Protein chains: 2
Amino acid sequence: MSTKAEERRKQVLRATLNAICDKGFTTVTLQDIADYADVSKGVISYYFKNKEDVFYHLLAAMTDRIFQNEYAAIQKEEYAVDKLRAYVNAAFKSPDDNRVFYRVYLEFLAQVNQNERFREVNNTFYKNCWFIGSEIIQKGQSEGIFENVEIESGSHMIRALIDGCLLQWLMRDNKSLHTYYRDNCYETILTYLNYKQA
Amino acid sequence: MSTKAEERRKQVLRATLNAICDKGFTTVTLQDIADYADVSKGVISYYFKNKEDVFYHLLAAMTDRIFQNEYAAIQKEEYAVDKLRAYVNAAFKSPDDNRVFYRVYLEFLAQVNQNERFREVNNTFYKNCWFIGSEIIQKGQSEGIFENVEIESGSHMIRALIDGCLLQWLMRDNKSLHTYYRDNCYETILTYLNYKQA
DNA sequence: AACGAAAATCTGACCGGACAGAATGTTTTT
DNA sequence: AAAAACATTCTGTCCGGTCAGATTTTCGTT
């Protein structure tokens with residue numbers, strides 16, 4: 001049954017995520033993944049072409065999930081400022097989630113130079129992020145705010161700051177700084193977008 | 001001779017930098033490093049405790065060199081705005097340098113979670129970067145600009161944006177975007193710092 | 001329902017290659 | 001000749017991927 005197989009694949013990917021988070025991208029072995037998934041090593045080969053293939057699908061699933069989440073968040077809000085807040089909040093979902101996701105995502109980014117498929121997935125992710133940023137800026141401009149910002153470069157800067165903040169937060173390895181970076185990130189973007197409180 | 005030994009160590013570190021840039025942190029072998037340095041594998045063991053030790057010294061040397069460079073740059077300028085420009089320019093030194101440095105630095109960041117010594121070196125680097133940011137903001141405030149910015153969080157945001165921009169630029173793997181990100185990074189920080197042209 | 005063969009799924013021992021670090025050998029310097 | 005610097009070989013370990021066989025599931029037939 002296709003559903004059962006899909007479930008198994010997800011199980012392996014979940015295990016891979018946690019295994020990488022704990023042991024590191026480079027250190028993690030097929031045996032580790034198998035142990036985390038409570039299956040034998042053969043199962044991984046059965047559902048995936050090889051180790052790289054597991055990683056590829058994990059990266060694709062992770063980035064897609066993040067985008068869906070962020071996009072859904074901004075769509076729930078009506079005004080540009082609220083959309084921005086929702087975007088940043090979605091990016092800074094929770095300390096634990098962010099820690100796992102970003103640790104692993106960072107390892108993937110480091111591999112992008114060595115792996116064309118990883119690069120493609122990340123490029124798609126970037127485009128999606130920029131799309132969100134563009135939507136927010138455009139909405140703002142139709143509201144008469146964010147007027148001095150160029151949409152494309154603005155969306156690039158927004159994502160750069162979000163990633164930069166999350167990266168810095170991750171490196172400092174201090175959960176309590178999560179809201180600090182989240183809020184400062186939001187405020188910084190807002191100031192940058194030249195928003196003047198009415 | 002201590003100088004000769006120091007030269008050899010630097011030679012190995014330079015080779016390691018290039019080897020990692022080409023082959024990737026995880027893929028690179030002691031033999032690769034030896035080949036890049038035009039020495040035999042034994043030399044590396046002779047001058048360093050082990051592979052991890054080579055990496056550690058490379059990271060320390062890289063981050064220190066970057067900081068010295070950036071700090072020297074801002075000291076040459078008198079006004080806060082010029083210091084900021086110099087800081088960003090120093091961070092975006094040249095496409096080729098940035099590519100090599102940032103590729104390798106990114107790999108180190110990914111390892112920080114697995115390696116306490118790497119983390120410590122990076123924390124020192126961060127503190128140095130924040131120090132530069134603080135200097136610039138403080139100077140600005142004594143000039144009567146940048147008045148609405150909190151110094152500490154401001155320095156955090158400045159570095160987050162620089163790193164975020166360099167990361168995004170690196171992932172897009174397009175040399176011609178180097179000045180685009182450099183200039184937008186500068187403009188964005190300036191807007192954020194609430195600078196109003198006289 | 002019961003059966004059983006075929007298909008799907010799963011297991012873990014095994015193989016071959018790669019590599020870090022050690023050990024040993026060689027050359028150069030002092 | 002002794003020590004330092006450098007080169008080469010060796011060894012033990014580890015890991016990804018394979019594969020032959022075990023186990024479970026599926027499904028047509030009676």
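What you are looking at is a predicted structure, and each value in this text was computed from that prediction instead of being measured. Below, chains carry the letters A, B, ... as their sequence lines are ordered, and counting in each starts from 1.
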Starting at atom CG of A:N50, determine the distance to atom P of D:dC15, rounded to an integer number of angstrom. 17 Å

Would B:F67 and B:F125 count as a close aromatic pair, with their ring centres under 6.0 Å? no

For B:T29, which contact category applies under a 4.0 Å heavy-atom criterion: base, sugar-phosphate, or nothing? sugar-phosphate

Find the distance B:L30:CG to C:dA23:P and express it as a whole number of Å. 16 Å

Euclidean distance, atom CZ of residue A:F48 to atom C1' of C:dT9 [Å, nearest integer]: 15 Å

Restricting to side-chain contact (heavy atoms from CB on, under 4.5 Å), what partner residues turn up for A:V121, sequence neighbours left out? A:Y56, A:L59, A:A60, A:T63

Regarding B:R172 and B:Y181, is there a side-chain donor-to-acceptor distance under 3.5 Å anywhere? yes

Do A:F131 and A:Y87 belong together in a cluster built from hydrophobic side chains that touch within less than 4.5 Å? yes

The contact string for nucleotides 10-17 of chain C, one letter per nucleotide 5' to 3', using protein heavy atoms under 4.0 Å with B, S and - for base, sugar-phosphate only and none, comes out as SBBB----

Nearest whole angstrom, please: distance from the C1' of D:dC15 to the CG of A:D35. 13 Å

Separation of B:I44 atom CD1 from C:dA20 atom C1', in whole Å? 11 Å

Heavy atoms under 4.0 Å, any strand shown: does A:V28 hit a base, just sugar-phosphate, or nothing? sugar-phosphate

With salt bridge (charged side-chain N to carboxylate O under 4.0 Å, His left out) as the criterion, how do A:D35 and A:K41 come out once you've worked through the C-alpha distance, each side chain's angles and the decisive distance to 0.1 Å? CA-CA 8 Å; A:D35 291 346; A:K41 212 169 61 150; over 6 Å; no

Rounded to whole angstroms, how far apart are CD on B:Q31 and P on C:dA20? 9 Å

What pairs of residues pass the side-chain hydrogen bond (donor to acceptor under 3.5 Å, both in side chains) test when at least one of them lies in residues 129-138 of chain A, not counting sequence neighbours? A:W130-B:Q168

From CD of B:E6 over to C1' of D:dA5, roughly how many Å is that when rounded to an integer? 16 Å

Whole-Å distance separating the NZ atom of A:K23 from the P atom of D:dC14: 13 Å

